[in-house]
Amino acid sequence: MKRLPSVKQLQYLLALHEHQHFGRAADACYIGQSTLSAAIANLEETIDAQLLERDHKTFIFTSLGEDVVRQARYIIEQCEELADFARNQGKPMTGQFRLGCIPTIAPFVLSEVMALCRQRFPELQLLLREDTSENSLRALTEGRLDMVLLALPYETGALHTEVLAQDGFKLVLHKDWQDRGFSQDISQWPDESIFLLEREHCLTGHAVKACELEDSRKVNPFFATSLHTLTQMVNNKLGVTFMPQMAINSGLLQGTELISQAPASSGAARDIGVAWRPTSSKSRNYRLMATLISEVLQQKCTG
């Protein structure tokens with residue numbers, strides 16, 4: 001009978017690829033470093049291929065090693081899904097479901113998604129993780145998440161994406177600033193009058209594109225880390241900002257002296273959608289979850 005790699009060996013390989021260090025990978029697998037090193041060597045012998053280029057204290061994955069890692073990730077994912085399928089007797093929406101979400105969406109929808117999920121799918125354990133689009137999509141690709149809720153468009157590679165709702169942008173300003181010309185074309189606004197989030201938040205890119213912020217002189221050099229920080233900056237009459245409708249509908253402006261109004265650019269909005277791996281056999285679960293999330297978004301994004 002032909003020798004085949006073991007699941008354990010593939011798991012060790014993935015751990016080494018993730019941590020890029022034998023000691024840290026061994027700790028993550030709760031084994032000794034020598035055990036991990038021997039398992040990787042045995043894996044190379046089993047498949048008759050060099051996966052690592054080793055030096056005295058360092059190593060790099062060969063190009064073939066990188067390809068094997070991608071295949072190993074898919075195999076482990078399928079093994080996990082097989083175990084879940086058997087454990088839950090093939091019933092949909094049972095067991096664990098790992099949902100990632102970006103910070104400019106998570107505070108405004110996840111509690112409702114969790115509540116509706118418990119009501120509709122009581123046998124499902126929904127595990128939530130809030131992170132940036134880049135980190136969430138990496139976790140999804142590596143099989144550490146089942147689905148990501150994010151703002152589109154965003155480069156997602158080979159992942160499957162579906163738009164669930166459109167979240168309009170509103171101009172947010174202090175009530176005392178209504179007569180300062182912010183109803184005019186943005187080109188007429190004062191320089192450095194617009195506050196936005198840090199660049200790694202995709203909301204900034206979507207706002208810049210949707211609201212036609214072509215003149216960088218209008219944007220203040222200070223970039224906030226959260227929508228709550230933006231709210232305080234504008235509430236203290238330091239400038240204005242653009243916020244998504246879902247944040248406003250969730251009460252972000254309550255207790256402030258801020259008002260919201262439609263921006264001069266028509267149709268300023270971002271798409272809210274989900275991404276999942278098209279190779280997964282859980283597509284039925286993904287579509288059921290997407291439908292549930294869509295119901296929440298339709299309420300949150302209306303305004």
Side-chain angles (χ1 to χ4, degrees), residues 76-133 135-154 156 158-168 202-203 206 227 243-252 254 269-303:
I76 294 299
E77 176 189 335
Q78 294 299 308
C79 288
E80 291 175 346
E81 292 184 4
L82 174 63
D84 288 341
F85 181 84
R87 188 179 301 116
N88 299 301
Q89 300 178 353
K91 294 185 297 184
M93 300 306 275
T94 55
Q96 291 186 348
F97 192 104
R98 301 160 298 175
L99 175 65
C101 187
I102 63 174
T104 56
I105 296 177
F108 314 117
V109 303
L110 286 190
S111 60
E112 285 87 348
V113 168
M114 175 72 82
L116 187 57
C117 194
R118 286 178 175 174
Q119 173 187 336
R120 192 166 296 174
F121 307 114
E123 296 183 64
L124 184 73
Q125 181 186 12
L126 183 60
L127 304 178
L128 305 175
R129 171 179 168 177
E130 180 180 336
D131 209 334
T132 62
S133 298
N135 290 341
S136 296
L137 291 172
R138 183 185 305 115
L140 178 62
T141 300
E142 295 176 355
R144 292 180 283 119
L145 290 175
D146 294 305
M147 175 182 284
V148 172
L149 176 58
L150 74 168
L152 299 169
Y154 195 92
T156 57
L159 295 171
H160 174 82
T161 60
E162 288 191 11
V163 174
L164 303 181
Q166 192 171 71
D167 188 22
C202 61
L203 177 64
H206 291 134
L227 289 173
M243 287 193 179
Q245 186 69 54
M246 70 164 59
I248 297 172
N249 287 349
S250 297
L252 188 61
Q254 289 181 2
R270 61 176 182 168
D271 290 331
I272 308 298
V274 290
W276 67 73
R277 297 181 302 279
T279 55
S280 174
S281 60
K282 295 182 178 179
S283 59
R284 183 181 179 188
N285 284 2
Y286 298 158
R287 295 197 178 280
L288 288 171
M289 181 60 71
T291 299
L292 183 147
I293 294 173
S294 178
E295 292 180 30
V296 174
L297 290 176
Q298 297 307 321
Q299 299 175 357
K300 287 291 185 177
C301 298
T302 302

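Since the structure is predicted, the reported quantities are computational estimates derived from the model, not experimental observations. Position 1 is the first residue of the sequence, and the numbers go up from there.
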**Request:** Kindly indicate, with the supporting measurements, whether the criterion side chain to side chain contact (heavy atoms under 4.5 Å, CB included) is fulfilled by Arg277 and Asp146.
**Result:** CA-CA 8 Å; Arg277 297 181 302 279; Asp146 294 305; 4.3 Å; yes

**Asked** Does Leu164 offer a backbone N or O that forms a donor-acceptor pair with the side chain of Gln298 under 3.5 Å?
**Response** yes

**Message:** Quick check on side chain to side chain contact (heavy atoms under 4.5 Å, CB included): which of Ile293, Leu288, Leu126 does Cys117 satisfy it with?
**Reply:** Leu126

**Message:** Ignoring hydrogens, what is the shortest heavy-atom contact between Leu145 and Ser136? Give both atom names and the distance.
**Reply:** CD1-O, 3.6 Å

**Request:** Kindly determine whether Glu112 and Gln299 satisfy side chain to side chain contact (heavy atoms under 4.5 Å, CB included), including the steps that lead there.
**Result:** CA-CA 10 Å; Glu112 285 87 348; Gln299 299 175 357; 5.9 Å; no

**Asked** So, for Ala269 and Gly168, which heavy atoms are closest and what is the spacing to 0.1 Å?
**Response** CB-CA, 3.7 Å

**Asked** Between Asp131 and Pro103, what is the shortest heavy-atom contact and its length?
**Response** O-CD, 3.1 Å

**Asked** If you measure from CZ on Arg129 to CG on Leu99, what distance do you get to the nearest 0.5 Å?
**Response** 11.5 Å

**Item:** Pairwise distance CG(Asn135) to CG(Leu140) - rounded to 0.5 angstrom
**Value:** 12.5 Å

**Prompt:** Rounded to the nearest 0.5 Å, how far apart are CG of Leu149 and CD1 of Ile105?
**Reply:** 4.5 Å

**Asked** Do Glu130 and Ile102 have side-chain heavy atoms sitting under 4.5 Å apart?
**Response** no

**From Glu77 atom CD to Thr141 atom OG1, the distance as rounded to the nearest 0.5 Å** = 10.0 Å

**Item:** Sub-4.5 Å side-chain heavy-atom contact between Met289 and Phe121
**Value:** no

**Item:** Met147 vs Lys282, side chain to side chain contact (heavy atoms under 4.5 Å, CB included): CA-CA, chis, key distance, verdict
**Value:** CA-CA 10 Å; Met147 175 182 284; Lys282 295 182 178 179; over 6 Å; no

**Request:** Working to the nearest 0.5 Å, report the span between OG1 of Thr291 and CD of Glu162.
**Result:** 8.5 Å

**Message:** Donor-acceptor check, side chain of Asn285 to backbone of Met93, threshold 3.5 angstrom: yes or no?
**Reply:** yes

**Message:** Can you tell me how far apart CE (Met114) and CG (Leu127) are? Round to the nearest 0.5 Å.
**Reply:** 7.5 Å

**Message:** Quick one, Ile272 and Lys300 - any side-chain contact, counting heavy atoms below 4.5 Å?
**Reply:** no

**Within-4.5 Å side-chain heavy-atom neighbours: Phe108 and Leu227** = yes

**Prompt:** Are any of the side-chain heavy atoms of Cys301 and Gln166 separated by less than 4.5 Å?
**Reply:** no

**Asked** Any side-chain heavy atom of Leu124 sitting closer than 4.5 Å to one from Thr94?
**Response** no

**Message:** Can you classify the ring geometry of His160 versus Trp276 as parallel (below 30°), tilted (30 to 60°) or perpendicular (above 60°)?
**Reply:** tilted

